[in-house]
*Asks:* 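Structure incoming, see below.
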Amino acid sequence: MNLSLTHSQNTNTEQINMSLPNLQLSMDRIYPFAPKTGTKKNPIQNIGLTYNMDLQNSITTTDDEFFTAEMFENARSGVRHTASMSTNIKALNYITISPSASYNEVWVLKTIDKRFDETLPEGNQVVTDTINGFDAFREYSTSISASTNIYGTFNFKKGRLKAIRHTLRPSISYNYRPDFSNFYDEVQRSSDPDDIEEFTRFEGGVFGQPSRGLSSSIGISLNNVFEAKVIPKDSTKTEAKKITLLNSLNFSTSYNIAADSLNWSPVSASANTSFFNNKLNLTMSARLDPYALNANGARIN
């Protein structure tokens, strides 16, 4: 359990931001179907459950309204519950299959409603009303992944370098999240009845708003580790010492089956290594966008 209260104040703008309070609760993973003694031997016994709760009460006010009734009028409060379930299955002795499911529920004490008002003196416009009262939205998603380890060793007969070992960890996953557009409504924006804007009553909530659009994607990742065996410079030592050349060299991307275009997500690449007997750590990263455009609006391959 973690409880925190924060206060930040800008003396130039006289704006005050506070959290009164924030509360996080987390639970260790439990295995409800595991035997009381011995090891977990099948996918049912390997099912693990986790739960987390996050409560936030965010207040933005000014010096003049500090600790007055007006200070609490624009407060944003909410509670987010997150639960997940996962297990793993061994296939063909070398492949680990990991199905999982997650559930997210958000509680709020304020929502909004929008309406088109033609009677206002300043002209036709969309009016936003604040509605006090408990409301909630719920989301869920599922995924399944398969991964394995592949090892390769390159031996050398001459010199201090005796061998280089390459560990390759490929992984492929499938992720599915339904469309939660049922939490969205429509409002007319102008005198034109066909000028429609979509909105959700959870706009501006402390935990965001429900996801829109069906997501059905395939994820691909490739993790590499490079190690070496080297004879020390000390001539009295003949046993090779293992050193890490690259702690990680990772590539990942995904393909959204449900999208009608631009299905590929950017390729993320990262690498990590260390020098001087682990005294200096170096991390590099790159993002490769397959749909990037140049200054003329033409696609860059």
Side-chain angles (χ1 to χ4, degrees), residues 1-8 10 17 19 22-31 39-40 46 48 50-52 54 56 82 84 86 88 90 93-98 100 102 143 145-173 175 217 219-254 264-290 292 300:
M1 180 179 68
N2 180 52
L3 180 68
S4 62
L5 297 88
T6 64
H7 177 112
S8 64
N10 188 316
N17 296 293
S19 62
N22 290 346
L23 173 66
Q24 290 87 32
L25 295 175
S26 60
M27 181 184 74
D28 287 340
R29 183 180 297 273
I30 62 171
Y31 298 88
T39 60
K40 299 182 284 291
N46 272 317
T50 61
Y51 168 78
N52 295 279
D54 188 2
Q56 291 189 18
T82 304
S84 64
S86 63
N88 58 76
K90 278 289 184 181
N93 294 328
Y94 300 106
I95 300 175
T96 301
I97 300 176
S98 303
S100 65
S102 63
S143 67
S145 65
S147 61
T148 188
N149 291 341
I150 301 172
Y151 304 94
T153 303
F154 307 91
N155 296 308
F156 301 90
K157 296 182 178 180
K158 296 182 180 180
R160 293 175 50 221
L161 179 62
K162 294 302 179 184
I164 292 179
R165 186 189 192 190
H166 178 201
T167 303
L168 182 66
R169 298 188 179 98
S171 175
I172 186 169
S173 62
N175 302 275
S217 62
I220 303 170
S221 66
L222 192 62
N223 176 264
N224 300 269
V225 177
F226 292 91
E227 300 168 304
K229 282 190 174 182
V230 180
I231 298 296
K233 292 183 178 180
D234 190 346
S235 59
T236 61
K237 298 180 179 179
T238 58
E239 185 177 350
K241 177 183 178 182
K242 186 175 76 172
I243 61 173
T244 302
L245 302 178
L246 273 176
N247 297 322
S248 64
L249 176 62
N250 303 330
F251 302 93
S252 63
T253 186
S254 64
W264 287 101
S265 68
V267 178
S268 298
S270 64
N272 175 269
T273 189
S274 57
F275 301 96
F276 310 118
N277 198 20
N278 295 325
K279 291 182 174 61
L280 175 65
N281 189 272
L282 177 65
T283 300
M284 300 157 284
S285 63
R287 183 175 180 272
L288 312 174
D289 192 343
I300 303 171

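Only heavy atoms go into these numbers, but all of them, side chains included; no hydrogens, no water, no symmetry mates.
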*Asks:* For the atom pair CG (Asn223) and OG (Ser252), what is the distance rounded to the nearest 0.5 Å?
*Replies:* 10.5 Å
*Asks:* Are any of the side-chain heavy atoms of Ser173 and Ser143 separated by less than 4.5 Å?
*Replies:*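 No. Closest side-chain heavy atoms not under 4.5 Å.
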*Asks:* Is there a side-chain hydrogen bond (donor to acceptor under 3.5 Å, both in side chains) between Asn22 and Gln56? Walk through the geometry before answering.
*Replies:* CA-CA 5 Å; Asn22 290 346; Gln56 291 189 18; 4.9 Å; no
*Asks:* Looking only at heavy atoms, which two atoms of Thr273 and Asn247 are closest? And how far apart?
*Replies:* CA-ND2, 3.7 Å
*Asks:* Which pair of heavy atoms, one from Ile164 and one from Phe156, lies closest together, and at what distance?
*Replies:*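 Reported closest heavy-atom pair: CG1-CE1, 3.8 Å.
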*Asks:* Do the side chains of Thr283 and Asn281 get nearer than 4.5 Å, heavy atoms only?
*Replies:*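 Side chain of Asn281 against side chain of Thr283, heavy atoms only: contact under 4.5 Å found.
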*Asks:* Applying side-chain contact (heavy atoms from CB on, under 4.5 Å), run through Asn155 and Thr153 and close with a yes or a no.
*Replies:* CA-CA 6 Å; Asn155 296 308; Thr153 303; 3.6 Å; yes
*Asks:* Under the criterion side-chain hydrogen bond (donor to acceptor under 3.5 Å, both in side chains), I'd like the reasoning laid out for Ser171 against Ser145: C-alpha separation, chi angles, the key distance, then a yes or no.
*Replies:* CA-CA 7 Å; Ser171 175; Ser145 65; 5.1 Å; no
*Asks:* As an exercise, state the distance from CZ of Arg165 to CG of Leu245, rounded to the nearest 0.5 Å.
*Replies:* 12.5 Å
*Asks:* When rounded to the nearest 0.5 angstrom, what distance separates OG1 in Thr50 from CZ in Arg29?
*Replies:*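 That separation rounds to 5.0 Å.
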*Asks:* Mind checking the CG-CD1 spacing from Leu222 to Ile150? Nearest 0.5 Å is all I need.
*Replies:*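 Nearest 0.5 Å value for the CG-CD1 distance: 8.5 Å.
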*Asks:* For the atom pair OH (Tyr51) and CG (Asp28), what is the distance rounded to the nearest 0.5 Å?
*Replies:*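 The distance works out to 14.5 Å.
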*Asks:* Hey, could you give me the OG/OH distance between Ser147 and Tyr94, rounded to the nearest 0.5 Å?
*Replies:*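 So the OG of Ser147 and the OH of Tyr94 are separated by 15.0 Å.
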*Asks:* Would you call Thr96 and Lys90 a side-chain contact if the rule is heavy atoms closer than 4.5 Å?
*Replies:*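 Yes; the side chains approach each other to less than 4.5 Å.
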*Asks:* Do Leu23 and Met1 have side-chain heavy atoms sitting under 4.5 Å apart?
*Replies:* yes
*Asks:* For the residue pair Phe251 and Ile220, establish whether any side-chain heavy-atom pair is separated by less than 4.5 Å.
*Replies:* no
*Asks:* Heavy-atom count around Lys229 NZ within 6.0 Å, excluding the residue itself: above 12?
*Replies:* no
*Asks:* Which pair of heavy atoms, one from Met27 and one from Asn52, lies closest together, and at what distance?
*Replies:* N-OD1, 4.3 Å
*Asks:* Do Ser270 and Asn272 come close enough that some side-chain heavy atom pair is under 4.5 Å?
*Replies:* no
*Asks:* Any donor and acceptor pair, going by atom type alone, linking the side chain of Arg169 with main-chain N or O of Asn149 inside 3.5 Å?
*Replies:* no
*Asks:* Val230 versus Lys241: any side-chain heavy-atom pair under 4.5 Å?
*Replies:* no
*Asks:* For residues Pro266 and Thr253, report the shortest heavy-atom separation together with the two atoms involved.
*Replies:*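 Closest approach of Pro266 to Thr253: O-OG1, 3.8 Å.
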*Asks:* Would you check if Leu5 and His7 make a side-chain contact, meaning some heavy-atom pair closer than 4.5 Å?
*Replies:*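 No, side chains not in contact.
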*Asks:* Is it the case that more than 12 heavy atoms not belonging to Tyr151 sit under 6.0 Å from its OH atom?
*Replies:* yes
